[in-house]
Each structure stands twice: as structure tokens, then as C-alpha cells.
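First listed ligand is number 1; within each ligand, the first listed atom is number 1.
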Amino acid sequence: MLQKTSHFMREANLIGGQWVQADSGATIDVINPATGLKLGTVPKSGKAETTRAIEAAQKAFESFKKTTAVERSKMLRALHDAMMDNQQPLAELLTMEQGKSLTESKGEIASSAAYILWFAEEARRIYGDVIPSPWGDRRIIVTKEPTGVIAAITPWNFPSSMLARKIGPAIAAGCTAVVKPASQTPYSGLAWGALCEEVGIPAGVVNVVTGSASEIGKELTTHPLVKKITFTGSTDVGKMLIEQSASTVKKVSMELGGNAPFLVFDDADLDRAVEGAVTAKYRNSGQTCVCTNRFFVQAGIYDRFVEKFAKASGALKVGPGLDDGVQQGPLIDDKAVEKVEEFIADAKAKGGKVVTGGNRHELGGTFFQPTVISEATPEMNFMKDEIFGPVAPIFRFETEEEAVSMANDTEFGLACYFYTSDLGRAFRVMEGLKYGMVGVNEGLITTPEAPFGGVKESGIGREGGHQGIEDYLDTKYVCIGGLGL
Ligand code: ADP
């Protein structure tokens with residue numbers, strides 16, 4: 001097992017190439033959710049440290065913006081290789097602070113590396129335009145320039161890969177960054193600093209600050225030198241950051257909450273749907289913004305789906321993420337467990353039937369049983385609110401229109417999934433669902449090549465795909481006149 005001496009576990013902040021403590025010396029404890037024991041501490045930084053990180057990023061930007069695309073591409077390739085060379089210790093660190101199974105953590109590190117490689121490639125394809133001029137003596141060109149210092153705030157559920165999607169395009173574009181990882185899982189964020197340092201990315205290009213979210217967040221969203229804020233987290237905090245960023249008109253990109261529906265039609269391949277349902281529900285113990293929140297199953301297949309899905313859910317191996325064969329780790333903290341219990345109690349009181357699970361796991365702590373609830377109705381709280389835990393409510397529907405309408409009846413619009421064997425229905429439903437991402441007969445669709453992001457209150461902007469770098473670039477129109485042609 002990873003020792004505290006692992007050089008990736010940094011109990012300090014990285015500001016302008018220096019590993020430093022908070023000015024006050026204050027720290028935050030980091031807890032392993034599988035044991036409830038303290039893993040270590042990180043600095044409790046605030047406004048002053050954040051200001052210095054922004055200034056360091058600005059200083060680094062002055063030279064970093066002049067590097068060539070090939071140079072930056074090579075840096076990112078080296079970062080990718082360093083991650084994969086250290087996949088095991090990085091994954092162990094991730095599991096220890098976050099809880100997810102080691103298999104999932106290794107997958108997350110591989111996914112982080114894949115995003116970095118993608119942006120290493122995209123760095124060399126930041127094209128501008130030459131536009132046919134309406135004037136004989138003038139020419140029009142359009143260039144793309146790095147936006148400047150970007151600020152990134154990330155959540156605890158994917159502490160490595162959420163930063164990959166932000167650090168990757170920032171470096172590819174020639175921007176510099178100040179990042180603030182979540183306080184529950186800061187080590188995977190600080191590890192990015194260690195990795196960048198190790199592969200020779202210049203000091204100040206990536207700065208990592210931990211501590212008071214509101215103080216750091218306020219400084220990042222109001223300091224004039226920060227040109228863009230990119231955030232992954234809750235819709236409430238996202239809205240507040242947008243408001244704060246308005247005072248200096250920053251670019252914003254937001255990956256916010258979801259309320260993913262998963263539709264199963266009578267004509268679906270049942271086994272495939274059940275397999276997809278398990279992935280789309282229980283990944284990271286249900287703690288992802290693209291995890292299914294609501295299953296809608298057509299009447300003709302309802303009972304068979306519930307039975308098979310409940311059986312598959314009950315068979316999942318729950319335990320500490322570092323143990324062999326574990327498929328579901330603990331929830332992040334007690335609050336998360338209490339929230340899950342509230343959803344279940346609310347559903348039971350309104351006629352929901354617990355088919356499997358429903359309780360805290362016998363392992364104690366924050367372990368929870370994978371839970372399936374049948375006979376779900378729109379009055380139950382999980383119709384509107386994100387569960388963020390291993391609870392699967394199953395609603396029954398009769399018609400395609402009814403299913404699409406219920407699926408869309410939410411202010412969120414991140415990911416959705418549906419299963420059908422009818423091609424016409426596949427297109428109708430795909431076009432009818434108001435979501436940023438759609439899985440058709442697939443329960444796991446995230447990949448660096450595709451644009452990840454939501455519509456409605458699920459967010460602004462896209463991460464990954466060729467779109468993922470756009471927000472890190474400013475468009476400049478240049479008119480060259482007086483050519484005398
Ligand atoms: P979650 O419910 O997933 O914890 P949050 O939106 O609370 O989602 O957290 C996501 C990230 O936002 C974390 O890094 C957290 O520290 C940060 N955060 C929380 N509150 C604020 C705030 N007031 N200002 C800036 N960042 C914040």
C-alpha cells in the first residue's frame with residue numbers, strides 16, 4: 001500500500017514553483033472514507049495565498065504564451081507518460097482519499113492521461129482563418145490566442161480527471177492555471193503539481209491551492225488577472241461563481257449537476273440494458289453527475305427488468321476500495337449517507353418498494369447497500385433532486401411520449417441513456433431528449449474525443465472533443481489594409 005512518504009502525496013501548496021504552507025500555518029485534515037482515519041493534512045490557504053498564485057500564473061504566462069505548439073504538445077505527452085508510469089501509486093492515493101475501488105481509480109488515472117494526450121494532439125491544431133476580403137486592398141485573418149490565467153475549481157468525485165480536462169486544454173492553448181481541488185480529496189489535485197514539476201513544465205504554469213473554498217473562490221472569480229473560470233461541482237455553487245465572475249466579465253465554463261434518466265423500452269435487449277444500468281448507476285457508488293438518477297421502464301418489460309437489475313445490484317461486492325474484487329466503495333462522508341437515507345424514507349412513505357438493499361452496509365462507516373426501489377412516482381424527491389448515491393428508483397411508463405416527457409421534466413440536462421432495438425424510436429427519442437449527452441444502448445459514454453457537457457442548468461461549455469479547447473482561446477480578427485492592390 002502507498003506510504004505517506006509517496007512523493008505524490010504533497011501536504012503543501014504549489015505556488016510559483018515553490019511548495020509552501022498557508023501563511024497562518026493552518027491545515028485541513030484529509031480523511032480516508034473507508035477507514036474514517038486521518039490520512040494527512042493540507043494547507044488551509046485563503047485570499048493572500050490565492051493572490052500570490054494568480055500573480056505567479058500571470059508572470060509565467062508572459063513567457064509561456066510564447067512557447068510553440070510543438071513544445072507544449074511535448075510537455076503534455078511527457079505528462080501523459082508520467083501519469084501512466086505512475087498509474088498504480090496515483091490510483092492508490094485516489095482510492096485512499098476518495099473511496100472508489102482501485103479498479104475505478106486506475107481507470108480514472110488512465111482517463112486523466114487520455115485527456116492529456118488528446119490535448120497534446122489538439123495543441124497542434126489550433127487553427128485560425130483567412131477570410132475572403134470584401135476589400136481589394138485589405139486582407140482579413142483570424143488568429144487564436146491563449147486567454148491568459150485560468151482558474152479551475154474541482155469536486156471530490158473525480159479528483160484527478162476533472163482537473164485533466166482543465167489543465168490539459170489550458171497548457172495546450174498556452175494558458176497558465178491556478179487550481180483549487182476539493183478539500184475532501186486534495187492529494188490527487190496536488191499530485192498534478194508534482195507531476196507537472198517532474199516533467200519540466202515551467203514553474204508557475206500550474207499552481208495548486210487548497211483551503212477555504214469561499215475565500216479562494218472569491219479571489220479567483222474577482223481578481224482582474226484571471227480571465228476564465230472553469231468549475232465542476234454543484235449547480236448552486238456554479239451559479240454563485242457565475243455571479244461573482246460578472247464583476248470582471250470573465251469567461252465561464254460550468255459542469256454542474258445532472259438528473260440523468262435511463263429509459264428502457266419494451267423492445268430493448270434486456271440483458272444489455274441491465275448491464276448498462278449497473279454501470280450507469282453504481283459507478284463511484286452513484287456519486288457522479290452522469291450517474292442515472294431515474295430509471296423509466298416500459299410496462300411490458302418492467303417486472304423482468306426490476307428482477308434482473310435488483311439481482312445484479314445485490315451481487316455487487318461492497319468494501320474498502322483497496323481490497324481485491326471490490327466493486328463499490330464507501331460514500332464520501334456521513335452527510336452523503338444521511339441524504340441517501342432521506343431519499344429512501346421519502347420513497348417508502350410515498351409507496352415505493354425496496355426490492356434490494358435499502359440500508360447502511362454491515363461494514364459500517366459510510367458503506368451503503370446498492371438499493372433498488374420499484375414503483376417510483378414523480379412525487380418522490382428523486383424525481384427532482386440528485387441522489388448522488390447507490391439508490392436506483394424505477395418508474396413505470398406506458399408510451400414513448402410519456403417517457404420522454406418525464407425524462408425532460410427537470411431543470412437539468414447533462415447525460416441521459418435509453419435502450420431500444422427500434423431504429424425509428426432511437427432517432428425520435430434521441431432528438432426528443434433535452435440533454436447534452438445521450439447514450440443509446442450504452443451506459444458509459446465519456447471519452448476525451450467527445451464533448452462532455454450539459455444544457456439547461458447543467459452547465460455552460462464543453463470539455464473534451466475539439467470543442468474542449470475553445471474556451472481557453474481568444475479569437476482575434478486582424479484587418480491588414482493599405483496593401484495598394
Ligand atoms: P459537491 O456537492 O460535489 O461537494 P460543491 O459545488 O460543493 O459540490 O464543490 C465543488 C467544488 O467547489 C469544491 O472544490 C468545493 O470546495 C468548491 N466550493 C464549494 N463552495 C464554494 C464557494 N463558495 N466558492 C468557491 N468554491 C466553492
TODO: Please report which non-hydrogen protein atom sits nearest to atom 17 (C) of ligand 1, along with the residue it belongs to and the distance in Å to one decimal place.
DONE: Ile153 CG2, 3.7 Å
TODO: Note the single closest protein heavy atom to atom 13 (C) of ligand 1, along with its residue, its atom name and the distance in Å.
DONE: Thr154 O, 3.3 Å
TODO: Number the atoms of ligand 1 from 1 as they appear, then name those within less than 4.0 Å of a heavy atom of Leu241, with their elements.
DONE: 24 (N), 25 (C)
Open item on the list: Ring of Phe231, cation from Lys180 - is the NZ or CZ under 6.0 Å from the centre and inside 45° of the axis?
Closed with: no
TODO: Write out the residue and atom name of the closest protein heavy atom to atom 12 (O) of ligand 1, then the distance separating them to 0.1 Å.
DONE: Phe231 CE1, 3.2 Å
Task: Side-chain (Gln328) to main-chain (Tyr282) donor-acceptor, under 3.5 angstrom - done: no
Open item on the list: Does either side chain, that of Thr154 or that of Lys166, offer a donor lying less than 3.5 Å from an acceptor on the other one?
Closed with: no
Task: Under-4.0 Å heavy-atom contact between protein and atom 20 (N) of ligand 1 - done: yes
- [ ] Tell me yes or no: between the side chains of Thr221 and Lys250, is some donor less than 3.5 Å from an acceptor?
- [x] no
- [ ] Can you pull out the closest protein heavy atom to atom 2 (O) of ligand 1? Residue, atom name and distance to 0.1 Å, please.
- [x] Ser234 CB, 4.3 Å
Task: Identity and separation of the nearest protein heavy atom to atom 18 (N) of ligand 1 - done: Ala213 CB, 3.6 Å
- [ ] Starting from atom 23 (N) of ligand 1, locate the nearest protein heavy atom and write down its residue, its atom name and how far away it is, to 0.1 Å.
- [x] Met240 CE, 3.0 Å
TODO: Check whether any N or O atom of Trp156, backbone or side chain, sits under 3.5 Å from an N or O atom of ligand 1, and answer yes or no.
DONE: yes
Task: Modelled atom types, side-chain donor and acceptor of Ser188 and Glu97, under 3.5 Å - done: yes
Task: salt bridge (Lys or Arg N to Asp or Glu O under 4.0 Å) partners for Lys350, two or more places apart - done: Asp346
Task: Ile394 side chain near Phe309 side chain, heavy-atom distance below 4.5 Å - done: yes
Task: Contact atoms of ligand 1, heavy-atom distance to Ser214 under 4.0 Å - done: 22 (C), 23 (N), 24 (N)
Task: Atom indices of ligand 1, in the order listed, that fall short of 4.0 Å to a heavy atom of Gly217 - done: 25 (C)
Open item on the list: Within the supplied structure, the quantity of interest is the number of heavy atoms (other residues, nucleotides, ligands) at a distance under 6.0 Å from Arg360 CZ; does it exceed 12?
Closed with: yes
Open item on the list: Does ligand 1 come near enough to Lys180 that some N or O of the ligand is less than 3.5 Å from an N or O of the residue?
Closed with: yes
